[in-house]
Amino acid sequence: VVHDDFDQRADAWCGLGFYNRGRPGNWVPSRAVSCVSLSIDAPETVMPGDELTYLLKYHNESSSNFDGTLTLELPADVSVSDGGISHDGTQSGRTITWEKVKVPAGSSPEGGGGEESVRVGVAANVTDGTELLASATLDDGFETSVNDPAKTTVSAKSVLNATLSAAETVLPGEVIEYDLSVKNVG
């Protein structure tokens, strides 16, 4: 499908569906109509065999309430953890769905919107560098549909922080004692 007539110079994005993969940096909600926003928070990296949580946040800065369906498409190489789907979300294959999501008018990122979450486990055999791509969509079934992707990279490498410390001053001939601390933070 070619969308050559689509105005890609827009600086107010809401409910544009096919091109609305997140929002551009200069997005101005006050200049948009039916302004429903959706974002996914997910870690940038995860190790094979670990868990990660997708946090879906939504709000509505317009003057009209929004009712719709929220879906999260999970990547391959993950499985939903026991009790890992918030509220009344249901799973069908790789899709998690929340029906009848109500997003009140006048809500903002600071409050009044809502959020859902899904906790998943990453398969232990996923190779280093694999990108786990998830996508969330909030849709009213008519004209408004917003979505946001999330990319988490699998890292099989340990991340180590090393700290070396010693006395700030010593006299000539004194022994300097060093303390080395290594911590696995990855």
Side-chain angles (χ1 to χ4, degrees), residues 13-14 17-25 27 36-61 66-104 107-141 144-164 180-186:
W13 293 51
C14 281
F18 60 89
Y19 273 131
N20 192 15
R21 305 287 294 173
R23 287 145 310 280
W27 181 73
V36 176
S37 295
L38 171 66
S39 65
I40 302 178
D41 288 343
E44 289 184 26
T45 61
V46 65
M47 293 193 64
D50 281 356
E51 287 191 331
L52 70 95
T53 298
Y54 293 107
L55 179 61
L56 289 64
K57 298 179 182 179
Y58 48 87
H59 65 276
N60 175 6
E61 295 186 58
F66 179 90
D67 296 336
T69 300
L70 176 63
T71 58
L72 174 65
E73 296 292 329
L74 295 173
D77 299 319
V78 303
S79 57
V80 175
S81 303
D82 287 340
I85 301 173
S86 68
H87 302 107
D88 293 325
T90 59
Q91 181 176 5
S92 176
R94 305 210 87 44
T95 303
I96 311 301
T97 303
W98 292 268
E99 300 286 346
K100 300 178 183 175
V101 173
K102 298 192 179 302
V103 190
S107 55
S108 72
E110 289 76 39
E115 63 183 40
E116 301 294 348
S117 64
V118 177
R119 190 177 70 255
V120 299
V122 178
N125 63 347
V126 179
T127 58
D128 185 58
T130 298
E131 292 182 345
L132 303 175
L133 302 174
S135 178
T137 302
L138 183 57
D139 189 332
D140 69 356
T144 303
S145 178
V146 292
N147 59 354
D148 195 33
K151 177 176 76 171
T152 300
T153 304
V154 176
S155 174
K157 298 174 181 132
S158 295
V159 179
L160 303 176
N161 277 350
T163 306
L164 181 65
L180 174 62
S181 172
V182 180
K183 183 177 181 182
N184 183 349
V185 295

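Side chains included, hydrogens not; waters and symmetry mates left out as well; all remaining heavy atoms used. In this text, all values refer to a predicted model and were calculated from it rather than measured experimentally.
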As a test of understanding, state which of Ile96, Val120, Thr97 forms a side-chain contact (heavy atoms from CB on, under 4.5 Å) with Ile85.
Ile96
Residues in salt bridge (Lys or Arg N to Asp or Glu O under 4.0 Å) contact with [X], at least two apart in sequence or another chain:
X      : result
Glu115 : none
Lys102 : Asp67
Glu110 : none

Restricting to non-hydrogen atoms, name the atom on [X] and the atom on [Y] that form the minimum distance, rounded to 0.1 Å.
X      : Y      : result
Pro75  : Ala134 : CD-CB, 4.0 Å
Pro48  : Ala124 : CB-O, 3.4 Å
Ala42  : Tyr54  : CB-CD2, 3.7 Å
Leu38  : Val146 : CD2-O, 3.7 Å
Asp148 : Ser39  : OD2-CA, 3.2 Å
Thr69  : Glu99  : OG1-OE1, 3.4 Å

Looking only at atom types and distance, does a side-chain atom of Ser107 sit under 3.5 Å from a main-chain N or O of Asn60, one as donor and one as acceptor?
yes
Between Asp77 and Ala123, is there a donor-acceptor pair closer than 3.5 Å when you use the side chain of the first and the backbone of the second?
no
Derivation and outcome, side-chain contact (heavy atoms from CB on, under 4.5 Å), residues Asp41 and Thr53
CA-CA 8 Å; Asp41 288 343; Thr53 298; over 6 Å; no
Do Thr127 and Thr130 pair up side chain to side chain, a donor and an acceptor below 3.5 Å, judged on atom types alone?
yes
Consider only side-chain N and O atoms of Glu73 and Ser135, and report whether a donor and an acceptor are under 3.5 Å apart.
no
Stepwise side-chain contact (heavy atoms from CB on, under 4.5 Å) check, Leu70 with Thr137:
CA-CA 6 Å; Leu70 176 63; Thr137 302; over 6 Å; no
Non-hydrogen side-chain atoms of Val101 and Phe66 separated by less than 4.5 Å
no
Nearest 0.5 angstrom please: [X] [atom1] to [Y] [atom2], how far?
X      : Y      : atom1 : atom2 : answer
Thr163 : Leu180 : OG1   : CG    : 8.0 Å
Asp50  : Thr152 : CG    : OG1   : 12.0 Å
Glu116 : Leu138 : CD    : CG    : 10.5 Å
Leu52  : Leu132 : CG    : CG    : 7.0 Å
Leu56  : Thr71  : CG    : OG1   : 9.0 Å

Determine, stepwise, if the pair Ser86 / Trp98 fulfils side-chain contact (heavy atoms from CB on, under 4.5 Å).
CA-CA 9 Å; Ser86 68; Trp98 292 268; 3.9 Å; yes
Residue pairs passing the salt bridge (Lys or Arg N to Asp or Glu O under 4.0 Å) test with at least one member in residues 122-133, sequence neighbours excluded, are Asp128-Lys157, Glu131-Lys151
Residue pairs fulfilling salt bridge (Lys or Arg N to Asp or Glu O under 4.0 Å) with at least one residue in residues 81-95, sequence neighbours excluded:
none
Residues in side-chain hydrogen bond (donor to acceptor under 3.5 Å, both in side chains) contact with Glu51, at least two apart in sequence or another chain:
Ser81, Arg119
Before giving the answer on side-chain contact (heavy atoms from CB on, under 4.5 Å), spell out for Val126 and Val46 the whole-Å C-alpha distance, their side-chain angles and the decisive distance to 0.1 Å.
CA-CA 10 Å; Val126 179; Val46 65; over 6 Å; no
